[in-house]
Amino acid sequence: MIRAITPSLEPIREKVEAGERLSAAEAESLWDPAIDLHELGELANLVRERKNGNFAYYNINTHLNPTNVCVYRCTFCAFRADLREARGYVMSDEQILARGREAVEAGSTEMHIVGGLHHQKDYDWYLNIIRILHQAYPALHLKAWTPVEINWFCHLTKRSIREILAELKEAGLGSLPGGGAEIFHPEVRDRICEHKADTREWFAVHRTAHELGLRSNATMLYGHIENAYHRTDHLLRLRELQDETGGFQTFIPLAFHPENTRLSHIPKPSPAMSLRTMAISRLVLDNFDHMKAYWIMLGIGTAQAALAYGADDLDGTVRHELIYHDAGATTPEILSVNDITQLIREAGREPVERDTLYHRVVRDGTAWRTAEAIQAG
Ligand code: V47
């Protein structure tokens, strides 16, 4: 049966099919619930398959949050703790190295490291985490510290973003994760995370990272107090920097989890809202290669469905995730490779294990190399 097309989607369909860029007004119009979600998904899928064929990527990764003690009080965060709170913690070097060992023994190719801004820890403590992990486990890619931490390090040391990033890179930093982006528009940002790195600083860190040859990711936290205009503005700002540097690898829309936060009165975004957000992100961010459906926060069912709504990546098997689980995520703590590849196959896609930089991984148990490295001999 051929369904009648929603009239306002038709010009956008023509542009997407022709590979043309959507304007700000066109992008914003897509949030209207009158725009059929499944037709939107079909369009996003067209772009997804153009860029990534039938492949769906995953990696084997581990999270490390060295401390949850944080000077900031973002309203959406359930992870942070005060210095003297019983649930506040700081990991020792031994615990951090043990986490590295566990990661490598489990075959992880990546460690995702973010944490609180601890009042009593200096920059060298954070730098040392990268240094000791890289020295002990050089093959483990360290995707670490968002612009929020980098900006804090600049504040502590009175040094520039460039100097800090260059030093971290020298110590073993592999890339930057996409966090700390939240919503860039000041109407929202000033109400949910007023004191931490602002939008100008977030972009300055990513621009500098790209100039230094570090790749990075970008996120958007949706489903709280923002509206369609703010989400569109967020995507367009990212598209603009990507035009300039090409340094972003993947975009990750993050569904707000309200439990244990100061915004606990707001309901979680629905699966339909999450699929719409994924599809619109895929359509607007025409210069991003990858869209990640982070199963931890979307839930496994929605993440699987998102593979038909623009997403080509499920993130990883993920060990030791705390930020979402503290905020009430009911997803498992970890997925096995069998689980994740089965989810992908059931969605009709072909699973591909990747490293952080989207090289295909060839593995023999916990030992692994990229296909590129094997070809180069
Ligand atoms: O910046 C915090 C978000 C982000 C909540 O780069 C919350 O590959 C929902 O950035 N409900 C950190 N979201 C996580 C992140 C990320 C995740 C997966 C992959 C990558 C990547 C990056 O988590 C924060 C904030 O936007 N967040 N609290 C909450 N209650």
Side-chain angles (χ1 to χ4, degrees), residues 57-59 61-65 68 70 72-81 109-117 141-151 174-184 188-189 192-193 196-197 199 202 205-206 209 214-226 234 238 247-269 273-274 277 288 290-299 303 311 313-331 354-358:
Y57 298 93
Y58 69 95
N59 69 352
N61 63 348
T62 301
H63 284 226
L64 174 74
N65 306 119
N68 62 352
C70 191
Y72 293 134
R73 292 171 175 274
C74 301
T75 56
F76 55 81
C77 183
F79 169 69
R80 77 162 298 280
T109 58
E110 169 190 286
M111 190 176 251
H112 179 156
I113 311 174
V114 288
L117 308 178
H141 181 107
L142 305 178
K143 184 179 77 176
W145 313 136
T146 74
V148 177
E149 288 100 326
I150 304 295
N151 182 249
S175 65
L176 299 189
E182 325 315 356
I183 286 284
F184 294 132
V188 176
R189 197 171 187 86
I192 60 171
C193 53
K196 75 180 186 187
T199 298
W202 194 95
V205 170
H206 281 269
L214 289 164
R215 305 300 301 272
S216 69
N217 294 338
T219 58
M220 172 173 76
L221 179 66
Y222 65 92
H224 43 94
I225 61 165
E226 89 294 351
H234 190 96
L238 288 171
F248 288 119
Q249 303 202 99
T250 183
F251 178 69
I252 311 125
L254 296 170
F256 175 53
H257 274 253
E259 235 173 85
N260 305 321
T261 76
R262 287 196 282 145
L263 297 177
S264 59
H265 55 285
I266 298 178
K268 268 210 290 235
M273 174 61 181
S274 290
T277 306
F288 276 60
H290 302 286
M291 293 285 132
K292 195 182 273 188
Y294 186 40
W295 61 265
I296 293 260
M297 61 76 162
L298 283 179
D313 189 336
L314 286 187
D315 194 70
T317 46
V318 186
R319 290 169 173 259
H320 299 295
E321 199 289 330
L322 294 178
I323 295 176
Y324 279 95
H325 287 100
D326 282 356
T330 52
T331 42
R354 61 162 177 87
D355 71 359
T356 308
L357 303 176
Y358 286 85

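In listed order, ligands and their atoms are each counted from 1.
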> What do you reckon, does Gly178 have a nitrogen or oxygen under 3.5 Å from a nitrogen or oxygen of ligand 1?
Replying inline: yes
>> For Tyr358 and His290, I'd like to know if the aromatic rings sit close, meaning centre-to-centre distance below 6.0 Å.
In response: yes
> Does at least one non-hydrogen atom of Ala255 fall below 4.0 angstrom from an atom of ligand 1?
Replying inline: yes
>> Closer than 4.0 Å to some heavy atom of Ala327 - which atoms of ligand 1 meet that?
In response: 30 (N)
>> Check contact between Glu182 and ligand 1, using heavy atoms of the residue and a distance below 4.0 angstrom.
In response: yes
> Hey, looking at atom 14 (C) of ligand 1, which of Leu176, Asn217, Asn59, Leu254 has the closest heavy atom?
Replying inline: Leu254
>> Taking the ring of His206 and the ring of Phe248, is the distance between their centroids below 6.0 Å?
In response: yes
>> Centre-to-centre under 6.0 Å for His63 and His320, is that the case here?
In response: no
>> Under a 3.5 Å cutoff, is there a donor and acceptor pairing between the side chains of Thr109 and His141?
In response: no
> Taking both backbone and side-chain atoms of His112, is any N or O found less than 3.5 Å from an N or O belonging to ligand 1?
Replying inline: no
> Which atoms of ligand 1 sit under 4.0 Å from any heavy atom of Gly180?
Replying inline: 1 (O)
>> Heavy atoms only: which of Phe256, Phe76, Tyr222 lies closest to atom 28 (N) of ligand 1?
In response: Phe76
>> Checking a contact table here: which protein heavy atom is nearest atom 2 (C) of ligand 1, and how many Å away?
In response: Ile323 CG2, 3.5 Å
>> Quick check: closest heavy atoms across Ala218 and Trp202, and the distance to 0.1 Å?
In response: CB-CH2, 4.0 Å
>> Distance under 4.0 Å to a non-hydrogen atom of Leu221: what atoms of ligand 1 satisfy this?
In response: 7 (C), 9 (C), 13 (N), 26 (O)
>> Can you tell me if Lys292 contacts ligand 1 (heavy atom of the residue under 4.0 Å from the ligand)?
In response: yes
>> To the closest 0.5 Å, what do you measure between NE2 (His325) and CG (Asn260)?
In response: 13.0 Å
>> Checking contacts here: is it the side chain or the backbone of Ile252 that comes within 4.0 Å of ligand 1, counting heavy atoms only? Could be both or neither.
In response: side chain
> Applying a 4.0 Å heavy-atom criterion (strictly less than), which segment of Met297 is in contact with ligand 1: side chain, backbone, both, or neither?
Replying inline: neither
>> Distance check, rounded to the nearest 0.5 Å: Gln249 atom CD versus Arg215 atom CZ?
In response: 4.5 Å
> Between Ala293 and Ala303, what is the shortest heavy-atom contact and its length?
Replying inline: CB-O, 3.9 Å
> Any side-chain donor paired with an acceptor under 3.5 Å for Tyr294 and Asp313?
Replying inline: no
> Just how far is it from atom CD1 of Ile183 to atom CZ of Phe256, taken to the nearest 0.5 Å?
Replying inline: 12.0 Å
> Can a salt bridge be assigned to the pair Glu259 and Lys268 using a cut-off of 4.0 Å between side-chain N and carboxylate O?
Replying inline: no
> Tell me: protein heavy atom nearest atom 9 (C) of ligand 1, and distance?
Replying inline: Tyr324 CE2, 3.1 Å
>> For Ala78, which part has a heavy atom under 4.0 Å from ligand 1: side chain, backbone, both, or neither?
In response: neither
> Got the closest protein heavy atom to atom 17 (C) of ligand 1, with its distance?
Replying inline: Tyr294 CE2, 3.7 Å
>> Under 4.0 Å, heavy-atom basis, I'd like to know which part of Pro177 is in contact with ligand 1: side chain, backbone, both or neither.
In response: both
>> Tell me the protein heavy atom at minimum distance from atom 11 (N) of ligand 1, and give that distance in Å.
In response: His257 N, 2.8 Å
> Do side-chain atoms of Asn59 reach the backbone of Thr356 as a donor and acceptor pair under 3.5 angstrom?
Replying inline: no
>> As an exercise, identify every atom of ligand 1 less than 4.0 angstrom from a heavy atom of Gly179.
In response: 1 (O), 10 (O)
